[in-house]
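All heavy atoms count here, side chains included; hydrogens, waters and symmetry mates do not. By convention in this document, chain letters (A, B, ...) are assigned in the order of the sequence lines, proteins followed by strands, and residues within each chain are numbered from 1.
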Amino acid sequence: MAAAKRNILVTSALPYANGAIHIGHLVEYIQTDIWVRFQRLMGNRVLYLCGDDAHGTPIMLRARSEGVAPEQFIARMNQEHREDFARFGVKFDCYYSTHSPENEALCYLFYERLKAGGHIVHRDIEQFFDPVENIFLPDRFIRGQCPNCKAPDQYGDSCEVCGKHYSPTDLINPKSAVSGAVPERRSSRHFFLHLEDFRDQLLELIRGGLVDSAVANKLEEWFGKELKDWDISRDAPFFGFPIPGEANKYFYNWLDAPIGYLAALAKNLGGGAADAEEYWKLDDLEVYHFIGKDIIYFHALFWPAMLIGAGLKPPTKLCVHGHLTINGEKMSKSRGTFINAAQYARHLDTQWLRYYFATRLSASPADIDLSFEDFCNRVNSELVGKLANLISRAAPILTRLLDGRTGIVTVDALPVLNEFRNAESQIAMDYDQRNFAAVTRRICALADKANKFVEEQAPWSLVKTDEEAARGVLTAALECGRILMIYLKPIVPEMAAHVEKCLNIRPQTWRDIQNSMESHVINPFEHLTGRVEERKIQAMLEENKTDTTAAAAPGVPATPTATEEPLAPECSIEQFSAVDLRVGRVIHAEAIEATDKLMKVEIDAGPLGKRTVLAGIKKACTPEELTGRLVIFCANLAPRKMKFGTSEGMILASGPGGKDVFLLSVDQRATPGQRVH
RNA sequence: CCGAGGGUAGCUCAGCGGUUAGAGCCGGGGACUCAUAAUCCCUUGGUCGUGGGUUCGAUCCCCACCCCUCGGACCA
């Protein structure tokens, strides 16, 4: 009784078109691709759609700084992204872009319907404006002194020193991070989506299984209060779609980004907005969005609200995954663990990463860790030692000594083969529920059984006395290998294709698990994949230390990354020498418990005595690392009273903050109290 | 501080009310030699974060506490 074929539309989140794809992104695309390939293997109808999120201020500014038109810039990114995905076997039915005529038409359609439904409201808001660049500045593009702790050079939305959140208009001495100019406060009329209109439907949706329970719990929090209106407009100049009937107003790129899923659908269907809408409305169509936990808000609230408001059904399911950490820590450019997709592919087999991610992935939104040690172990012992080895040990004997012809499986193998075939439904269920870690566990357990069977039967000895018996054993071993490869096909499609070629069989589907390949001539064995060598990983990481340009901005949609810090206005030698910088030795350091960032540091400044400095470096180093080392600090900075004491100076460091703070050093022979000239 | 998730062998995790708590990897000892890539057998190793409670019985349920991770009002 074959179940009715499902009709599924699957998306991965649209990567932001201002940077390269990195291995953090790949968690999602590989996860989605595995799921899609599995559904196809089962015979279901699947459309897998994606594309670039190509609009917004960061892209506009980036293109400008490179001296090209935004269209040209995003076209190049699109090409790069496609190449990166192809390297990892991530295969879309359509990889499109939000900057497309289909998307524009759909965007207007959504807007008109939301407007007609009375869900769009207007309000004046005050924002900073860069008079040199003539643009309104997103919060992250404004820097200034924190209104709370007075730390200099903080972002417009929150302070990295004291952790306080505020509005950019609260900053002291704000500056545009783009031009360095002093921004002006300007008022502007913005458009909002009135989310409260959809409250009941959204709650029902979330409680009805749109997301798994862990995510649903999180979402419930947001319903504790009134849902805020969502600001969907941006002022000119902006790279995006103009709002119809309005002068100098554009749609915020997060409005047109999810609509981009439909645009890709339209493109794939070779039609327009109406065709996409018609397809979306098919009764049996299931819509699955694979997303990172950082964009739950957009996909669980805004997007369903937009769909409902436009008369379309909300998604069936949001598959939320966690973020990637490397060796237990966030990817970091300074640690050299920020690895781009293309860079990985230059050094290591992309099938390995697919396999490794599979062993770590489940339906949980918890972060997943890539530990290189674990990566080596799993790939070498499981993928190579257990799985590939099974075929590699059986096929060559058959080819060399028995004309490459399989026979009838030996009766001794029947229990093993039954177990292999009976695992089918459980593995299918694990795949369907995105529990790929369980899938690989089961597959490895089966591989262990098969290897044990081969070991016991010792066909390499048997062949000397009874060729047909040996043929029966090898036939069974290859049959096991074939079934394993079907199970593994969604995860390592390239390797599975090699096996199909070697076994001389047509591309296998899930149904072939129950078939057999008795009395059949196989092809000479070709190697499937190699072992991971430690030095290759080292070579990849080494490259990162020198090639800083490879570490492009993480392309998380709508999170603008800071541009380089603008050069401060010219200063005179007098002004420079007004700053008294000294060498100091840290004699004591302790983290301040009540804060995330502050460390209390006592500095021996030689003749100047001792100073206590409260520095925002708690995340970057430990008291142990700090104690005893020499630092450079500003000794004549006015003492600053802070919540946890008075800070009598400032330790010099570079880096963006958080974990990436790099203290200035001085050669060992320097002594505390010496002035820096 | 508030919220969510989690703390099970050196590592990565499974188990989630019921016989002496499991797997893989790593470590140790054998065997084998078909495997460009090895495998097989044996084996060391755990008061299941801590302290209470419910129960005939708890890793699993309840309470408190500790620790880790991730979120937290206008970026949404």
- Message: Looking only at the side chain of A/E382 (C-beta and beyond, no hydrogens), which of the listed nucleotides B/rU69, B/rA35, B/rG24 gets closest?
- Response: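 Between B/rU69, B/rA35, B/rG24, the one nearest the side chain of A/E382 would be B/rG24.
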- Which nucleotide in the list B/rA35, B/rC13, B/rC25 gets nearest to the side chain of A/R441?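 When the side chain of A/R441 is considered, B/rC13 is the closest of B/rA35, B/rC13, B/rC25.
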OP1 or OP2 of [N] sitting under 4.0 Å from any side-chain N/O of [X]?
{"X": "A/K452", "N": "B/rC41", "value": "yes"}
{"X": "A/R531", "N": "B/rA38", "value": "yes"}
{"X": "A/R378", "N": "B/rU12", "value": "no"}
{"X": "A/N377", "N": "B/rU12", "value": "no"}

- Message: So, taking the atom named CD in A/E196 and the one named CG in A/D229, what distance separates them when rounded to the nearest 0.5 Å?
- Response: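 Taking CD in A/E196 and CG in A/D229, the distance rounds to 8.5 Å.
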- Query: NA contact type, A/G385, heavy-atom cut-off 4.0 Å: base, sugar-phosphate, or nothing?
  - Reply: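 If one applies the 4.0 Å heavy-atom cut-off, A/G385 turns out to touch the sugar-phosphate alone, with no base involved.
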- Task: Describe the nucleic acid contact of A/S461 in one word from base, sugar-phosphate, nothing, applying a heavy-atom distance below 4.0 Å.
- Result: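 No contact at all - A/S461 keeps every heavy atom at 4.0 Å or more from the nucleic acid.
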- So does A/E226 pair up with A/R199, basic N to acidic O under 4.0 Å?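 Not counted as a salt bridge, because no side-chain N and carboxylate O are separated by less than 4.0 Å.
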- Message: Check this for me: A/E373, atom CD, are more than 12 non-hydrogen atoms of other residues, nucleotides or ligands nearer than 6.0 Å?
- Response: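 Check fails, neighbour count at 12 or below.
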- Message: Under 3.5 Å for both donor-acceptor distances, Watson-Crick or wobble: does B/rU19 have a partner, and if so which one?
- Response: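 When the pairing criteria are applied, nothing turns out to pair with B/rU19, so the answer is none.
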